[in-house]
Amino acid sequence: METLKPSNFIRDIINHDIKVEESSLSRVETRFPPEPNGHLHIGHAKSICLNFGLAAEYNGVCHLRFDDTNPTKEEAEYVEAIKRDVKWLGFDWGQHLYYTSDYFDKLYKCAVELIKKGKAFVCHLSPDEIRQYRGTLTHPGQNSPYRERSVEENLELFEGMRRGEFDEGSCVLRAMIDMSSPNLNMRDPVLYRIIKNTPHHRTGANWCIYPSYDYSHPISDALEGITHSICTLEFEDHRPLYDWILNELSLFDSHPKQIEFARLNLTYTVMSKRKLLELVTGNFVAGWDDPRMPTISGLRRRGYTHEAIRKFCEVIGVAKANSIVDIALLEHCLREDLNQRAARVMAVLNPLRLVIDNYPEGLLTEELDAENNPEDSSMGSRKIPFGKVIYIEQDDFCEQPPKGYFRLAPGCEVRLKHAYYVRCVDVIKDNDGRVMEVHCTYDPETKGGWSKDGRKVMGTLHWVSVEHAIPAEVRMYSHLFIKPNPEDEGDFKSNLNPDSLITLTSAMIEPSLANAAANSRYQFLRHGYFCVDTDSALNMPVFNRTVSLKDSWLKGGKAK
RNA sequence: UGGGGUGUGGCCAAGCGGUAAGGCAUAUGGUUUUGGUCCAUAUAUUCGAGGGUUCGAAUCCUUCCACCCCAGCCA
């Protein structure tokens with residue numbers, strides 16, 4: 001089934017551009033330009049899918065460019081992590097891997113050109129003074145006293161900056177635009193600043209001056225032949241500057257078009273790098289790849305498929321309105337994908353012993369057939385050992401069942417998935433009245449879970465044979481925050497969900513899972529989708545709950 | 001108060017002058033050896049508000065309102 005790609009304003013712009021330029025060059029070239037100062041999250045995935053997706057759609061290419069112009073914040077470690085994440089999402093930049101730092105020489109030459117044109121000057125105002133001279137939102141700024149220096153002097157000073165003759169913070173190179181512009185970005189913005197004693201992860205100590213984002217980005221785009229430079233809304237105000245830079249530098253024959261879209265926000269989580277870093281450094285989570293994090297690595301470890309993430313990025317659309325997408329939509333895309341591919345297995349999370357009184361005490365283990373995936377018969381079936389004593393879920397037995405409950409209760413009959421019908425005949429409790437064991441009788445005529453007499457049972461329970469069960473640790477993850485918008489009021493950390501991780505250590509899983517490979521995904525029947533965590537040990541597999549199954553009983557049925 | 005943006009059902013989002021797509025969520029019913037999946041049905045007389053143009057407006061004009069972004073030598 002071919003799903004029609006929803007239209008969006010960026011596609012409209014590109015379609016228009018291609019039509020207008022059809023006689024000349026109608027290529028499409030985009031780029032994903034992360035700064036290597038943190039890990040990628042699902043918000044970046046939106047941008048990645050957009051940029052790589054658009055390029056693919058128009059038979060163009062998408063570059064991966066590390067925007068590494070600030071050595072005080074960037075690290076090589078992030079570069080590798082980012083590459084891995086983009087690859088995992090299934091995108092290929094081919095030969096188009098770039099670094100802004102590769103352009104430092106060219107960027108420097110362009111700056112010299114600007115100075116020669118009288119469009120840039122070295123300013124010795126302190127950071128504080130620059131701020132004062134900039135004016136405010138409602139009042140124009142004032143020209144820097146250094147604005148009138150001669151081209152020769154500026155050239156000499158800038159060269160001196162490059163040679164390291166000035167202290168950090170003592171001077172900067174500024175564009176000469178308009179200090180009275182209502183757009184603060186045009187009030188003689190800083191083009192170069194001095195950063196000393198902080199080696200750059202790629203250029204080491206070769207440079208002590210570094211270009212600003214506003215200056216380097218348009219030039220990098222133009223150098224690479226980018227046609228559409230897609231970024232987020234907050235850069236809308238910077239577009240005049242982006243265009244100014246390229247217009248002043250006549251050496252480029254292409255002038256990329258900057259297009260801004262609204263970044264992704266999701267309910268029950270946070271997306272800013274700063275806040276995510278805070279969660280990691282404050283040990284509120286176990287690291288960047290903690291399965292509760294919205295990072296690509298976190299989602300991956302949680303058990304998300306890249307297909308689900310990509311589908312999500314497609315269905316949320318692209319627009320310019322700020323929005324917060326319901327995380328239920330992400331989970332929907334995940335379930336939709338996992339439902340097709342995940343093998344069904346049985347796992348009892350909170351075990352309760354069930355003894356079948358009339359089941360023979362034979363030495364031979366009875367093995368039952370179980371389909372692996374009702375959605376996909378090509379996934380085949382497996383044998384599951386049955387027994388006189390099995391584990392069922394504590395929640396699947398209730399001594400005094402509420403209306404509408406159709407699991408096991410005294411006197412009631414249910415089906416054990418793939419096995420037999422059993423009827424509860426006795427309940428054993430401890431001194432505190434807690435149910436310790438349930439006794440049942442089974443009907444040998446219902447093997448496989450069918451009854452010849454057409455007798456109906458409402459409930460079907462999953463189970464695991466006590467004799468064959470394998471203990472496992474199961475990590476039940478849920479939303480990281482208790483509020484749809486954690487940033488709403490006060491410190492976002494005060495809205496952390498204390499139950500975002502509940503570790504179950506006495507779960508029992510069916511023996512077929514004994515050698516489950518790390519990262520493999522399963523559906524634990526009636527529970528949800530789980531994946532094998534890398535923390536798994538030889539005798540203690542660890543499963544992460546990726547997402548629960550929808551539960552109309554918990555949701556509405558139980559309440560009624 | 002200067003500038004730049006955005007406002008379509010609970011959440012996203014199409015629509016680009018011809019009489020409100022789609023998805024999620026929600027509710028109900030059907031199927032079902034997962035209270036899963038699947039299937040069906042329901043939910044905006046109305047597009048931030050008012051005024052205007054037009055035979056006809058969410059789409060054009062106008063006024064107003066709300067929200068977001070900008071005063072880093074961050075990106």
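Chain letters run A, B, ... following the sequence lines, proteins first, then strands; residues in each count from 1. Only this structure's heavy atoms are used, side chains among them; waters, hydrogens and symmetry mates stay out. None of these values were measured; they are calculated from a predicted model.
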N/O-N/O pairs, protein side and nucleotides 37-40 of chain B side, under 3.5 Å:
residue : atom : partner  : partner atom : Å
B:U37   : O2'  : A:Asn339 : ND2          : 3.1
B:U37   : O2'  : A:Glu375 : OE1          : 3.3
B:U37   : O2'  : A:Glu375 : OE2          : 3.2

N/O-N/O pairs, protein side and nucleotides 68-71 of chain B side, under 3.5 Å:
residue : atom : partner  : partner atom : Å
B:C68   : O2'  : A:Asn322 : ND2          : 3.1
B:A71   : O3'  : A:Arg134 : NH2          : 3.4
B:A71   : O2'  : A:Arg134 : NE           : 3.2

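Among the protein residues, A:His139 comes within range of no part of the nucleic acid, since none of its heavy atoms lies under 4.0 Å from any strand. If you check every strand for non-hydrogen atoms under 4.0 Å, A:Val190 touches sugar and phosphate atoms only. Contact annotation for A:Arg407: base contact, defined as any heavy-atom pair under 4.0 Å involving a base atom. Note on A:Pro240: nothing from the nucleic acid sits closer than 4.0 angstrom, heavy atoms only. Contacts of A:Thr69 with the nucleic acid, taken as non-hydrogen atoms under 4.0 Å apart, involve only primed sugar atoms and P, OP1 or OP2. If you check every strand for non-hydrogen atoms under 4.0 Å, A:Val457 touches nothing. Counting non-hydrogen atoms under 4.0 angstrom, A:Tyr405 reaches a base of the nucleic acid.
Residues passing the side chain to side chain donor-acceptor pair (under 3.5 Å) test with A:Asn372, sequence neighbours excluded: A:Arg382. Remark: A:Asp443 engages A:Arg455 in a side chain to side chain donor-acceptor pair (under 3.5 Å) (not counting sequence neighbours). By the ring-ring contact (aromatic ring centres under 6.0 Å, His included) test, A:Tyr529 pairs with no residue at all, sequence neighbours left out. Under the salt bridge (charged side-chain N to carboxylate O under 4.0 Å, His left out) criterion, A:Arg174 pairs with no residue, sequence neighbours left out. For A:His462, the side chain to side chain donor-acceptor pair (under 3.5 Å) test picks out A:Glu393, A:Arg526, A:His527, with sequence neighbours left out. A:Tyr192 meets the ring-ring contact (aromatic ring centres under 6.0 Å, His included) test with A:Phe158, A:Tyr215; sequence neighbours excluded. The side chain to side chain donor-acceptor pair (under 3.5 Å) search around A:Glu487 returns A:Lys275, not counting sequence neighbours. A:Phe406 pairs by the ring-ring contact (aromatic ring centres under 6.0 Å, His included) definition with nothing, not counting sequence neighbours.
Atom C1' of nucleotide B:A27 and atom CH2 of A:Trp553 are separated by 18 Å, given to the nearest angstrom. The interatomic distance linking A:Phe66 (CZ) with B:C74 (C1') rounds to 18 Å, in whole Å. When rounded to the nearest whole Å, the span between CG of A:Asn485 and P of B:C12 equals 11 Å. In this structure, A:Tyr133 places its OH atom 15 Å from P of B:C73, rounding to the nearest Å. In this structure, the CE atom of A:Met186 is 18 Å from the P atom of B:G72, given to the nearest Å. Note: CD (A:Glu371) to P (B:U32) measures 15 Å, nearest angstrom.
When each of A:Leu549 and A:Thr138 is assigned the nucleotide of RNA chain B bearing its nearest heavy atom, the one mapping closer to the 5' terminus is A:Thr138. Position along RNA chain B of the nearest nucleotide to A:Asp12 versus A:Phe406 favours A:Asp12 as the more 5'-ward residue.
When each of A:Phe386, A:Tyr421, A:Tyr420 is paired with A:Tyr442, the ring-ring contact (aromatic ring centres under 6.0 Å, His included) condition holds for A:Tyr420 and for no other.
In the model, A:His418 has no side-chain atom that pairs as donor or acceptor with a side-chain atom of A:Arg344 under 3.5 Å. Side chains of A:Asp188 and A:Tyr133: a donor-acceptor N/O pair is absent below 3.5 angstrom, by distance only.
Using atom C1' as the reference point in both B:U8 and B:U45, the two lie 15 Å apart (nearest Å). For B:U62 and B:G4, the P atoms lie 15 Å apart once the distance is rounded to whole Å. B:G56 sits 26 Å from B:A44 when the P atoms are compared, rounded to a whole Å. The separation of B:C47 from B:A57, taken at their P atoms, amounts to 11 Å, rounded to a whole angstrom. With both ends at atom C1', the span from B:U31 to B:U41 equals 15 Å, rounded to whole Å. One C1' atom belongs to B:G3, the other to B:A71, and the distance between them is 12 Å to the nearest Å.
For the segment residues 324-332 of chain A, the set of residues with a heavy atom within less than 4.0 Å of an atom of RNA chain B comprises A:Ile324, A:Val325, A:Asp326, A:Ala328, A:Leu329, A:His332, in numerical order.
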Which atom pairs, one a donor and one an acceptor, fall under 3.5 Å between side chains of residues 318-334 of chain A and the rest of the protein, sequence neighbours left out?
residue  : atom : partner  : partner atom : Å
A:Lys320 : NZ   : A:Glu236 : OE2          : 2.3
A:Asp326 : OD1  : A:Ala328 : N            : 3.0
A:Glu331 : OE2  : A:His479 : NE2          : 3.2

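Out of B:C73, B:G5, B:C16, the shortest distance to the side chain of A:Lys320 is found at B:G5. Listed candidates were B:A13, B:G5, B:U34. Nearest to the side chain of A:Ala319 is B:A13.
For the OP1/OP2 pair of B:G36 and a distance below 4.0 Å, the side-chain nitrogens and oxygens of A:Ser552 include at least one atom meeting the criterion. Put simply, A:Ser212 has no side-chain N or O that comes within less than 4.0 Å of OP1 or OP2 on B:G72.
Nucleotide B:G72 is shown with a syn base, its glycosidic torsion being within 90° of 0.
Within the 3.5 Å criterion, the main-chain N or O of A:Lys417 finds a donor-acceptor partner in the side chain of A:Trp463.
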